Structure formats: structure tokens, C-alpha cells
Colleague: 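Mind looking over this structure? Questions follow.
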Amino acid sequence: MHVRGTVAGEVEVRSVSTSYGETDLAEVPLQLTAIEAAAAPDGGPESEPLAAAVEGDSVADSGPNLEPDPEPTTVTLWNKWTESAELLEPGMELLVTNAEQDEYQGETQYKTTGDSYVVVEPSFLVNVTAIRNWVECPRLYYLNKLSGVPLNYPVVKGTIVHEVFGDLLRGRDLEESIDARVDEHGLELGLLGESPDSVAEDVRENAGAIEGWLEQGRLTEEDSWRSEQLLISETFGIRGRADAIRRGAPVELKTGKNLKKEPRFKDKVQAACYALLLEEHGGDVDTGTLLYTKNSALDRNEETGDLTPAKDFSMGDGLLKFVVRLRNEIAAMETSGDIPTGYEGSAKCEYCFEQDTCMVVSGRLDQESKAGQIGQALPDEELEYFERFYRAIEEERREVHREYAKLWEQDAQERADDDRALIDLEFVEKRPLEGGRWELRARREGGATSKLREGDLVLASDGHPVRGQSELARIERLDDEIVLTADEPVEVTRLDVYPSELTTDRLLAALHDALLKGDERRKDILFGRADPEFEEIEETFIDNNARQNEAVTKAVGAKDCALIHGPPGTGKTYTIARAIRAMVERGERVLLSAFTNRAVDNALEALLEQLEGVIDEERIVRVGSESGVRDDMEPYRLERAGDPEDRLAELQNAQVVAATTATCGSRIMKEQSFDAALVDEAAQLTEPGTCAAINLAERFVLVGDHEQLPPVVRAENDLSESLFERLVDLHPEAGVMLDRQYRMNQRIQAFASREFYDGKLRPAEPEVAARTLDDLEGVARADLPEHLQDPVSFVDVEGDGSRYTDSEEAARIAELIEAYEAAGLERSEIGVIAPFRAQVSEISAHVPDDVAVDTVDRFQGSSQEVIVVSFTATGSLEGPIFEDYRRINVALTRPKRALVLVGDSNALATDPVYGRMLEWARR
DNA sequence: CCTCTGCAAAGAGGA
């Protein structure tokens, strides 16, 4: 049976004498949470019925009304599992598979058997690559995590060879695959100064070894293959992507040379991880294959005379268990928040190629390490800052891990209700694409919503994302019919959100770079040890708005940084664009960044207007993914594929580069440097998030409004306050506040001004205050229903009571849009804002495509003539999304001429701020 | 809950 629970006290490890000699054991007091019958296909003694196992114990799984047993149960871990026992701390989760029940002095206990695995914190999913790094040296694992993998040729080549390998397995022609894959990496190869021909030749050499080996297999037997499978194990808490699986056993590709008889130990460990993953998916794996593609006939194996690049090895029980113990070390360390020192492993520092880096990092961060320290430690306040943010980012990471665990902890219906999955899809067809990939189609029942969006990566499965057949797929189209692309065909009936650690990885790298690579002057400013300095500038940039002009002057003249506070509609975007133009005219290279793609595109749009005729359009580049960048900015988007020299030239020649802060943390952007970085909507960014952009530039300008949306973080911690807000307090002399708004009719701005800006927000001109729909060509307010004629109106809808959607509100909104259209408005002049992604997709299904419907978060930074707000709350205003009033501020300040609030007045009246809003809207 | 993100894995070199 499998036993699971929470460690309830100190763990005792000792030695006892048995008939076999001295043996180690650990007694773990465990507060049981579950006991499951083990799946034993042969009906062996382990497959006792659940009821018998549970009798006398209280088990959370066995009934909702059962009180948890106050007394912990002793679980004894024998032999080498005591190593994992040493890692345990009270509160940690523990899983013991194939345990045996034992009566001792009248008490029920459990113990490990020869078939047992002991898993520490099983819901923490450890990456296979993390285990591979860890076995080399735990400190190396930490260094990799901290700084990310830099752009270098061996890595890029390795990636291409892997892709070609996958293509070969899927039946693609070798030459065609090489050409296509080298082309896809054009930009990276350009940055590395590589030519496509030499890379293709290099890849061809490696691929030749693969092909020859594949041919051998084909001659002798019918091999069953599949490539690149993403595997997740809920039992062992491991996830990874296997290069290939042949007859159920893992094949791992290595682009290096290995002339020894045996595979490298770390490579074996990696293959063993995949074996564990495959075992959980029904396999019975006892061999693995490593394919060293640089081995060739010329490098005859010194011992065996072997000519092939492949090395098979057998995987015993002992190796698999060793791998689980390694995995436990990582899980325990990450749970307790400790930093590896290197003493955990047996690696010899003098042989390590990372020894110098390791010593420098240890020295600067004042960390204990086996390699020792060199250099001067960072000042205490910087060390404290590093530790605080490291912890906060890792806390975010654990939240992502919790999302993974939900893939199996929640059942299908729960996930669908949470909008984390689309279930019960009807599979339509699978169609082979060029290059061996597949297009999959499925149909959803009308009305099913989720937070999935086109362009997202998802787990596409035939029923369960972890237990069933499951593939990582990309959503190409999301209508009633859903179109996906994936490496292998799955008869897809379900889609699940795939959680990603990418953001946390990049935040960590940005933190590392800011403190360990950042220059001293920059850090003096960030830590308040020096005051920002400004160059005297006589020029007038904007002559009808003194504050805007002051802001541009500060931005252009800043030697360190400038801070621009811009409430809604005060011309932030214009001010940024004007400042960038001035910098460009001085010959500087400028980075334009913001948290969301939408904000980047908005700012870029205003900038394009300013730069017209100033520089060549080709010198303005937008970096980002195709699905992220707005269609009308696509012409400026930097394509990654193509000829390396061309791609490189396109990027290097760009005088203005625009990208989200997440993209600024990518390997490609990290190779770039700028004179100045301007970050829009900076109040929405965490400190490390802001650093990802400003790390790339000599000086920076942050523009934002802390009365609007704060950073999005999963856990409450140091990440919730933006660098912008902190610097505004630290260096008030570097800041300017814009105070005149050019957007809203007086009636619309009244509430926000009073509620969020002490009444200080004022219309810039009388015309702004007085603007109404009548000013628009072909629109007559008189043609609207009476209740919509005022610039602010409220439509009371009782709502349908669901959590993240409301079909009644959606239906009313569709009617409202028809009414506005009938009065002469263009659909493109109307925007709809909802708090939840699911409601956004619900509304989208009700209204024409050319009406912009989006979440508050994605609407920040833009405006429309008419805005309709869907509150999506019935009865009460529960949920964190309503608690942050700054979100309301954003929603209510998007319109220029008309605002319609749609919601349940009873729900809104339960909160004082929403109550005042209601009074204002209903006046 | 909201956001972002080509996923994950890619690796010369040695005692």
C-alpha cells in the first residue's frame, strides 16, 4: 500500500543489529493523510482492499466527516532511505510506496519494503535537468538556477541536433530538417557570429551518427519509437522531456564525445529519471540508451572496439532508488529555502570548470561553499536585499509548483469550473503536417470557457493531463472548433493550462545580474546611497504643458534615472514618445519596455508617430512572439528565423528596441545594450522585473502610476511593491507628476479624481471636460435609449450566480453595443472590460469581433470612446480581484466620452467604495 | 484572480 502524510515531529535515525548485521533505520512520526492500495497487477499481497488497510486509521481520503487522527503513526524507513529521512523536517509531506503494515505493541505501524520508494514533498515537481545538475554538484545546480544558461554555440548546436533527431524519428528528410532547423535559429546564430553553412555541416556530422544508428535498428527489427515526450510523475515528483523512447525505454541524446565503455554517470542518472517517469506511465524499464553523436567509426572504442555512437546500459533498482534520493535532496532543500554549499555532493572542486565562478559568487554573496570564496562581499544592505528577493521569487516558484500539483489533485470537473481546463471535447481529426508534426482538431460544446488563449501552450490529452496520453501542444485557433499543433498525434478530448516557471527563472536571473553584474553607481542609486544627477537642458520640448515638458527634460537630462508619475489620461505615453525622440535625435540607442505586450504596443504606436521622418522605420524593432505582438506592429517585429547575418544586422542596427520586460530577460535581449531604458506602466512591475529592462541600459526612466495596477504576484511578499513606487519615495527630486488629463469628460473623471487623486486630477482643457458622443462624426446621443445618454450610466443586472462568468451580463452587453451602433458609433470605438479572463471569453462569444473585449489588466494604458464594464459578481463581492480598488480606478478611467457600468447593484452596494461608485453612476 | 513567457533542454572541456 502507499502511505502518505505530514511529518509530525523529530525524526530519529539509528542503527540496529539484525540477522543480516548492522542496519540503519529511521522512525518517522507521520500524520497520515492517505492510504492507498498499491496497484499490483499480479494480485500479490500488496493489493489488499482499501477498507482493510484503513480500518482503525482515520484517513482524509476515506470520508469527509472523519476527524484526523490526533496521534501520528510511526513509519519506519530502512537502510538507505534513512538518507532521505535525515532531510525531513516537521510539516513536510512524505510518501512511502509499497509499504507494509506492521503491528507493534498493539499499535499499527508501517515500514518500507524492498519495493518501496520514499518521496519527500511529492507535490514539488523537480526537473530532470535539475537532478542531472545536482548529481554533478549541488552548488552547480544553484549557480545555473541563479544566472540562467547564457547564449553559447555548443548549447545552440545541441538544441538544433536534438530537433533534427526528433524530426528524423518523425520521418522527416535529413537535409530538409537541417536546413529548416538551422534557419529557425537564425537570430541566435547571428549573435554568435556563426554562418548557416558551417552550422549545417556541424549538425550534419552529428546527425550522421544518429542516422547510421537508426538504420542499424531498422535492419534488425521493427522498432517502436516516439520522440520528445513530456512526462510528469505525480508519485515521484519529477517532470521532464525525454528525447526519445524506443520500445518503451528512454534514449538520451548527447552532442559530445564519449569513448569510454560506460556512459557518464550524470547521463545515466538522467536516463534513469526518464525510466522512472515511464514506469509510472505503465512501462517496465530496465535498460537505457545514450547516444553520443560525436563518436564515429574513427574513434573506435578503446575497450570494446565498438563503432556505434550508442551505449546501452542496464538500469537496476538501486540506480532508480538513488535517483529518487537525489530528487528528495532537491525537494527538501527547496522547501526549506536553504542554499547548497557543495558539501552535499562528492564532486571535487579542483576538477570543476565552474570553480572560479563558484568562488566569486560565494565571495560576493558571502555564501559558504566547498570551493571557497574570493573577492569582497557585497555590502550588508545588498546581501539583505538579495536574500529577501531570492526568497520572494522562490515563493512564487512554489506557487507555480502548486499549480502543477493541481493537474492531478483536482478532478476534471473542478478544473473546468476553475477555468483551468476545457473538458469533454469532441475529437474531430488529426492531420500530419510538413516536418512530421501534427495538427489536431476538437470541438467544444458552445459556451465552454477557460483562461486559455490562442498562442498558449497547453497539455492536450485524451482524458487526463498526467495519467492519460498527453502532449504539449500550441493553440492555433480557439473557436467552437479548436485547432492545435503538437509533435505527436493525440485524440484530444481535454486541454489543461500548462504552468510555466519561465517568469520566475528570468526574475531570478535579473536579480542576479542587477547585484552581481550591475555597476556601482547604479546600485548607489537603487540603494539610496547617492542622489540622481541631471544635465542642464535649455531646450523646450513641449510648449503647452509645463509638467510634461519638465518630465521630458528630466528624462533626457537624467544621468542616472528619472521618474514620471502619470495618472490616467495625462499623456504619459506621449511624454515617453517625445522623450525618446529627443534621445534618438541625440544619437542614443533606446530600449522601450513595459510589463504587458499591450502596453509596449501602445507606447510604440505613439513613438512611431513621433519618429516619423526622424529615423528610418527599419531602425525601430519590436522583439516578441507572434501571438504577443499586436497585428499592426507585426511589420516591426524581429523574426528569429532567417539568415544569421541579416537577423543580427536587423537587431544591431535598431536604434529603438521595444519589448516586454519578460522578453528583456531572454538570452537574446541580454546580449543587447542601450544608452537609456524607458519603462512604461512601471508601477505594474516587480523590482526584479524592472531590473530585467534597466540592466540593459546606462540610465533609465520609469513611468507609471501607483494608484493603478500593482505587480501581479501569486504570493504576498516583497515583490508586491514596485521599484517605481520605492524610488519615488527615495528620490522625490527625480520625479515629476503629470496633472492634467486629456481623456475623460468631466463627469467621467470625477469619481476617480476624488477617490484616488485627492481631487487633483483636472481636465487639461475645457473641451476635454465637455466632450460627449455628439462630437463624434455621425453619432447622435439623442438616438440612444434615455438611460445611456448621460456620460456615465449604470445597468442593473441580477446575474446568473456563476463564479467567473455571467451570461446575463454578457447578453445585456451585447444589447448595449447594438444600441451604440444604432446611434452611429463604430464598433472599434467601443471597449468592454471584465475582471476575469473567463468572462472576457464569454462576452467575446456574444459580441462582434471588432469590439475590443479584455481584462482590466490588459486594458491598462489604453482608452476608448465608450467603455462598458462587466462586474461579474452576484450577491456579494467576494474574491481578491475586487479587493484591490486600484483595479477599479483603471477600469473607470479608460473611456473618453461614455462609460456604462453593468452589474448587480446589491452586490456592489456591499462595499463602501463600490457603493460610492454606484451613487456617482446613478446620479 | 489578474500578467508575462517559444516549452524544456541544450553543453567544448578533465582527474
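This one's a predicted model, so the numbers in the text were calculated from it and none came from an experiment. Per chain, numbering begins at 1; letters A, B, ... match sequence-line order.
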Colleague: Quick one: label A:Asp505 by what it contacts on the DNA or RNA (base, sugar-phosphate, nothing), any heavy atom closer than 4.0 Å.
Modeller: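 The answer is nothing, as A:Asp505 stays clear of every strand by at least 4.0 Å.
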Colleague: Has A:Tyr498 got a side-chain N or O lying under 4.0 Å from the OP1 or OP2 atom of B:dC7?
Modeller: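 Answer is no, no contact under 4.0 Å.
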Colleague: I want to verify a distance call: between B:dT3, B:dG6, B:dC7, whose nearest atom is closest to the A:Arg474 side chain?
Modeller: B:dG6
Colleague: What is the distance, rounded to the nearest whole Å, between atom CZ of A:Arg622 and atom C1' of B:dT5?
Modeller: 13 Å
Colleague: If you measure from the C1' atom in B:dA10 to the same atom in B:dG6, how many Å do you get, rounded?
Modeller: 14 Å
Colleague: A:Glu439: what forms a side-chain contact (heavy atoms from CB on, under 4.5 Å) with it, not counting sequence neighbours?
Modeller: A:Arg431, A:Leu433, A:Arg441, A:Val483
Colleague: Any chance you could lay out the ring pair (Phe, Tyr, Trp, His ring centres under 6.0 Å) test for A:Phe836 and A:Phe871, step after step, and finish with the verdict?
Modeller: CA-CA 9 Å; A:Phe836 308 113; A:Phe871 283 94; over 10 Å; no
Colleague: Using the six-membered base ring of B:dG13, report whether A:Phe353 stacks on it, requiring centroids under 5.5 Å and planes under 30° apart.
Modeller: yes
Colleague: Answer with base, sugar-phosphate or nothing: what part of the nucleic acid does A:Tyr404 contact at a heavy-atom distance below 4.0 Å?
Modeller: sugar-phosphate
Colleague: Classify A:Asp456 by what it touches in the nucleic acid, base, sugar-phosphate, or nothing, heavy-atom distance under 4.0 Å.
Modeller: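 Nothing, no nucleic acid heavy atom in range.
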Colleague: Using whole Å, report how far CZ of A:Arg453 lies from P of B:dC2.
Modeller: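 In whole Å, B:dC2 P lies 9 Å from A:Arg453 CZ.
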Colleague: In whole angstrom, give me the gap between the P atoms of B:dG13 and B:dA9.
Modeller: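 Result for the P pair: 23 Å, nearest Å.
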Colleague: Do NZ/NE/NH1/NH2 and the carboxylate oxygens of A:Asp857 and A:Arg598 come within less than 4.0 Å?
Modeller: no
Colleague: Examine B:dA15: is either OP1 or OP2 under 4.0 Å from a nitrogen or oxygen in the side chain of A:Gln355? Give yes or no.
Modeller: no
Colleague: Regarding A:Arg637 and A:Glu639, does a basic nitrogen lie under 4.0 Å from an acidic carboxylate oxygen?
Modeller: yes
Colleague: Roughly how many Å is it from CG in A:Leu230 to P in B:dA9, rounded to a whole number?
Modeller: 8 Å
Colleague: State which of B:dC4, B:dC1, B:dC7 makes the closest approach to the side chain of A:Thr596.
Modeller: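 Nearest nucleotide to the side chain: B:dC4.
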Colleague: Kindly point out which of B:dG6, B:dA10, B:dC4 is positioned nearest to the side chain of A:Phe595?
Modeller: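 From the listed options, B:dC4 comes nearest.
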Colleague: Is the charged tip of A:Arg837 near the ring of A:Tyr804: under 6.0 Å from the six-membered ring centre and within 45° of its axis?
Modeller: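 The answer is no; the distance or angle limit is not met.
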Colleague: Hey, which of these two, A:Tyr351 or A:Asn152, hits DNA chain B nearer its 5' end, going by closest nucleotide?
Modeller: A:Asn152
Colleague: With rounding to whole Å, what would you report as the distance between B:dA8 and B:dA12 at their P atoms?
Modeller: 22 Å
Colleague: To the nearest Å, give me how far apart CG (A:Asp854) and C1' (B:dC2) are.
Modeller: 11 Å
Colleague: Anti or syn, where syn is a glycosidic angle within 90° of 0; which label fits B:dA10?
Modeller: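 Anti for B:dA10; the angle lies over 90° from 0.
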Colleague: Are A:Asp505 and A:Arg397 ion-paired here, with the side-chain N under 4.0 Å from a carboxylate O?
Modeller: yes
Colleague: Please evaluate residues A:Glu626 and A:Arg474 with respect to the criterion salt bridge (Lys or Arg N to Asp or Glu O under 4.0 Å), reporting the C-alpha separation (whole Å), side-chain torsions for both, the decisive distance (0.1 Å), and the verdict.
Modeller: CA-CA 13 Å; A:Glu626 199 184 335; A:Arg474 183 170 297 281; over 6 Å; no
Colleague: Is A:His162 near enough to B:dA9 that one of its side-chain N or O atoms lies under 4.0 angstrom from OP1 or OP2?
Modeller: no
Colleague: So, is A:Thr129 close to the B:dA9 phosphate, meaning a side-chain N or O under 4.0 Å from OP1 or OP2?
Modeller: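 Yes, such a contact exists.
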Colleague: Would you indicate what A:Glu252 reaches in the nucleic acid, counting non-hydrogen atoms under 4.0 angstrom: base, sugar-phosphate, or nothing?
Modeller: sugar-phosphate
Colleague: Using a heavy-atom cut-off of under 4.0 Å over every strand shown, decide if A:Ser625 touches base, sugar-phosphate, or nothing.
Modeller: sugar-phosphate
Colleague: Please report, rounded to the nearest Å, how far the P atom of B:dC7 is from the CG atom of A:Asp487.
Modeller: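 The answer, rounded to whole Å, is 14 Å.
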Colleague: Looking only at side-chain N and O atoms, does A:Arg264 come under 4.0 Å of OP1 or OP2 in B:dG11?
Modeller: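 Result: no.
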Colleague: Measure from the side-chain heavy atoms of A:Leu472 and tell me the nearest of B:dC2, B:dG6, B:dC7.
Modeller: B:dC7
Colleague: So, are A:Asp419 and A:Arg803 salt-bridged, with charged N and O less than 4.0 Å apart?
Modeller: no
Colleague: With a 4.0 Å cut-off on heavy atoms, is A:Gln229 in touch with a base, just the backbone sugar-phosphate, or nothing at all?
Modeller: nothing
Colleague: For A:Thr660, which contact category applies under a 4.0 Å heavy-atom criterion: base, sugar-phosphate, or nothing?
Modeller: sugar-phosphate
Colleague: Strictly below 4.0 Å: does A:Tyr274 bring a side-chain N or O up to OP1 or OP2 of B:dA9?
Modeller: yes
Colleague: How close or far is atom C1' of B:dA9 from atom NZ of A:Lys266, stated in whole angstroms?
Modeller: 14 Å
Colleague: For A:Glu501 and B:dT3, what is the distance between atoms CD and P respectively, to the nearest whole Å?
Modeller: 20 Å
Colleague: Report which part of the nucleic acid A:Lys254 touches: base, sugar-phosphate, or nothing (heavy-atom distance under 4.0 Å, all strands).
Modeller: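 Answer is sugar-phosphate: A:Lys254 comes under 4.0 Å of backbone atoms only.
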Colleague: Please determine which of A:Arg886, A:Arg887, A:Glu681 meets the side-chain hydrogen bond (donor to acceptor under 3.5 Å, both in side chains) test together with A:Gln860.
Modeller: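 Of all the options given, the one that passes is A:Glu681.
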Colleague: Measure distances between side-chain N and O atoms of A:Arg858 and base N and O atoms of B:dC2, and say whether any donor-acceptor pair falls under 3.5 Å.
Modeller: no
Colleague: Send over the distance from A:Asn206 CG to B:dA12 C1', rounded to a whole Å.
Modeller: 12 Å
Colleague: Got a salt bridge between A:Arg239 and A:Glu501, using NZ or NE/NH1/NH2 to carboxylate O under 4.0 Å?
Modeller: yes
Colleague: With the threshold set at 4.0 Å, does a side-chain nitrogen-carboxylate oxygen contact exist between A:Asp854 and A:Arg894?
Modeller: no
Colleague: Any base atoms under 4.0 Å from A:Arg667, or only sugar-phosphate, or nothing? Heavy atoms, all strands.
Modeller: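 Base: the residue A:Arg667, judged by heavy atoms under 4.0 Å, touches a nucleobase.
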Colleague: May I ask you to decide whether A:Glu354 forms a salt bridge with A:Arg139, counting only side-chain N to carboxylate O separations under 4.0 Å?
Modeller: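 Here A:Glu354 does not pair with A:Arg139 in a salt bridge, since their nearest N and O are not under 4.0 Å apart.
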Colleague: How would you label the contact of A:Gly665 with the nucleic acid (heavy atoms, under 4.0 Å): base, sugar-phosphate, or nothing?
Modeller: nothing
Colleague: Please state whether the phosphate of B:dT5, meaning OP1 or OP2, lies under 4.0 angstrom from any side-chain nitrogen or oxygen of A:Thr663.
Modeller: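 Checking A:Thr663 against B:dT5: at least one side-chain N or O falls below 4.0 Å of OP1 or OP2.
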Colleague: Pairs counted only when both distances fall under 3.5 Å, Watson-Crick or G-U: show me the 5' to 3' dot-bracket for DNA chain B, [ ] for pseudoknotted crossings and | for other-strand partners.
Modeller: ...............
Colleague: Taking only side-chain N and O atoms of A:Arg132, does any of them lie within less than 4.0 angstrom of OP1 or OP2 on B:dA10?
Modeller: no
Colleague: Heavy-atom contacts under 4.0 Å between residues 153-161 of chain A and DNA chain B, which residues?
Modeller: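 Going residue by residue through residues 153-161 of chain A, the ones with a heavy atom under 4.0 Å of DNA chain B turn out to be A:Pro154, A:Val155, A:Gly158, A:Thr159.
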Colleague: Need one value for A:Pro835: base, sugar-phosphate or nothing, where a base atom within 4.0 Å counts as base even if backbone is also close, heavy atoms only.
Modeller: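 Sugar-phosphate contact only - A:Pro835 comes under 4.0 Å of backbone atoms but never of a base.
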Colleague: Please indicate whether A:Glu634 has more than 12 foreign heavy atoms, meaning atoms of other residues, nucleotides or ligands, lying under 6.0 Å from its CD.
Modeller: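 Counting neighbours around CD of A:Glu634, more than 12 heavy atoms of other residues, nucleotides or ligands fall under 6.0 Å, so yes.
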Colleague: Does A:Asn597 place a side-chain N or O at less than 4.0 Å from the phosphate oxygens OP1/OP2 of B:dT5?
Modeller: yes
